[in-house]
Amino acid sequence: MPSATSSPTLTLRDVRHGYPNGTRALDGVSLTIPCGMFGLLGPNGAGKSTLMRTIATLQTPSSGEVRFCDIDVLREPERLRRTLGYLPQDFGVYARVSAYDMLDHMAVLKGITAPADRKVTVETLLQQVNLWDVRKKALAGFSGGMRQRFGIAQALIGNPSLIIVDEPTAGLDPEERNRFLNLLAEIGEQVVVILSTHIVADVADLCPRMAVMVGGRVQREGAPLELVQGTRGRIWQKTVSRAELADVREEHVLLSSRLSAGRTVVHILADHDPGNGFVSADADLEDVYFATLADARRVHAGR
Ligand code: ADP
């Protein structure tokens, strides 16, 4: 455990990373991440996994600073690893080994060598993630949701105070996703949990704080409600016909179009009243996300 007595905080300062092929995956990321669930939202290619792997000490950034409590993460990766739980994006366990035996093995690797301690750890975790009944089954036969729940169990070995889950709900059906998110919500409040995702609802449902990342940069950061309020006056709504939709797309920055009783309801981004039948919309987090992507694209195009 980190020795700081105050509640754990992760701080990133101007973190940059360029891959050898020239891709600038992180372009000056600065973030302060307090205790609780933090949502890192962004489209594919935004740099989320690069950032998660950097925090998890699996890769070293080109420059910048990462601190967790009193740990200088880039200089003392071993200390960070002792207090880290990580569920990577590509966590695949196709082993013929049972869930119990695999978790037991992973607990040994995490340093829980005393058999009695390990038994308590493994049994508690299997119950916590609701895999107790299938503990003797081979992981190879697990569904996607069961596999992700096993992934959380292994991430929780040793009571980490920093937990990183990278795109954990991709590919899960709605019921499995719900179950998984409920499990995340139960993780203690005295722990920093970073949930990286491209699914807006994951963040909206779970995270008191969040950031939106696009093109290697943090474009927005704050409480979801605060961010929603920040778009006030910029999101406009209209019900249109299919034919009108093409015009809207042409003339405005279209954020979303949803079918409602056979008609199409569009949301657009505009700094001033666009007139022409548009009314101010009750924005939600999805509007914030798409508006952020649109703003980032505009800035990029104007560069
Ligand atoms: P995300 O997790 O948000 O999808 P990534 O961190 O995986 O984003 O990728 C960010 C950018 O870096 C993308 O343009 C991706 O193609 C590139 N990238 C990721 N990994 C590598 C790598 N090993 N070598 C070169 N480019 C990479």
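None of the values given here were measured: they were computed from a predicted structure. Just follow the structure's listing: the first ligand is 1, and inside any ligand the first atom is 1.
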### Query
Phe278 and His252: aromatic ring centres closer than 6.0 Å?
yes
### Query
Among Thr50, Thr54, Leu51, Leu41, which one has a heavy atom closest to atom 6 (O) of ligand 1?
Thr50
### Message
I'd like to check which ligand 1 atoms, numbered from 1 as shown, lie under 4.0 Å from a non-hydrogen atom of Ser49.
### Response
1 (P), 2 (O), 6 (O), 7 (O)
### Task
Go through the steps to decide whether Asp104 and Arg118 satisfy the test salt bridge (charged side-chain N to carboxylate O under 4.0 Å, His left out), and finish with yes or no.
CA-CA 7 Å; Asp104 187 69; Arg118 212 162 60 240; 3.0 Å; yes
### Task
Can you sort out which atoms of ligand 1 are near Pro43, meaning under 4.0 Å from one of its heavy atoms?
3 (O)
#### Entry: Check: Ala25 N/O within less than 3.5 Å of ligand 1 N/O
no
## Note on the structure
Counting heavy atoms under 4.0 Å, the part of Asn21 that contacts ligand 1 is side chain
### Task
Grab the two heavy atoms, one from Met146 and one from Glu176, that are nearest each other, plus how far apart they are.
N-OE2, 4.5 Å
### Message
With heavy-atom distances below 4.0 Å as the criterion, list the atoms of ligand 1 near Ala46.
### Response
1 (P), 3 (O), 8 (O)
#### Entry: Those atoms of ligand 1 less than 4.0 Å from some heavy atom in Asn44
4 (O)
### Message
Test salt bridge (charged side-chain N to carboxylate O under 4.0 Å, His left out) on Arg234 and Asp287; report intermediate values, then the result.
### Response
CA-CA 10 Å; Arg234 297 186 73 210; Asp287 291 313; over 6 Å; no
### Message
Under a 3.5 Å threshold, yes or no: a donor from one side chain and an acceptor from the other, between Gln219 and Thr292?
### Response
no
## Note on the structure
Tightest non-hydrogen contact, residues Arg16 and Pro61, listed as O-CB, 3.4 Å
### Message
Looking at Arg177 and Asp202, is any side-chain nitrogen of the basic one under 4.0 Å from a carboxylate oxygen of the acidic one?
### Response
yes
### Task
Answer with yes or no whether Gly45 contacts ligand 1, where contact means a heavy atom under 4.0 Å from a ligand atom.
yes
### Verify atom 15 (C) of ligand 1: protein non-hydrogen atom under 4.0 angstrom away
no
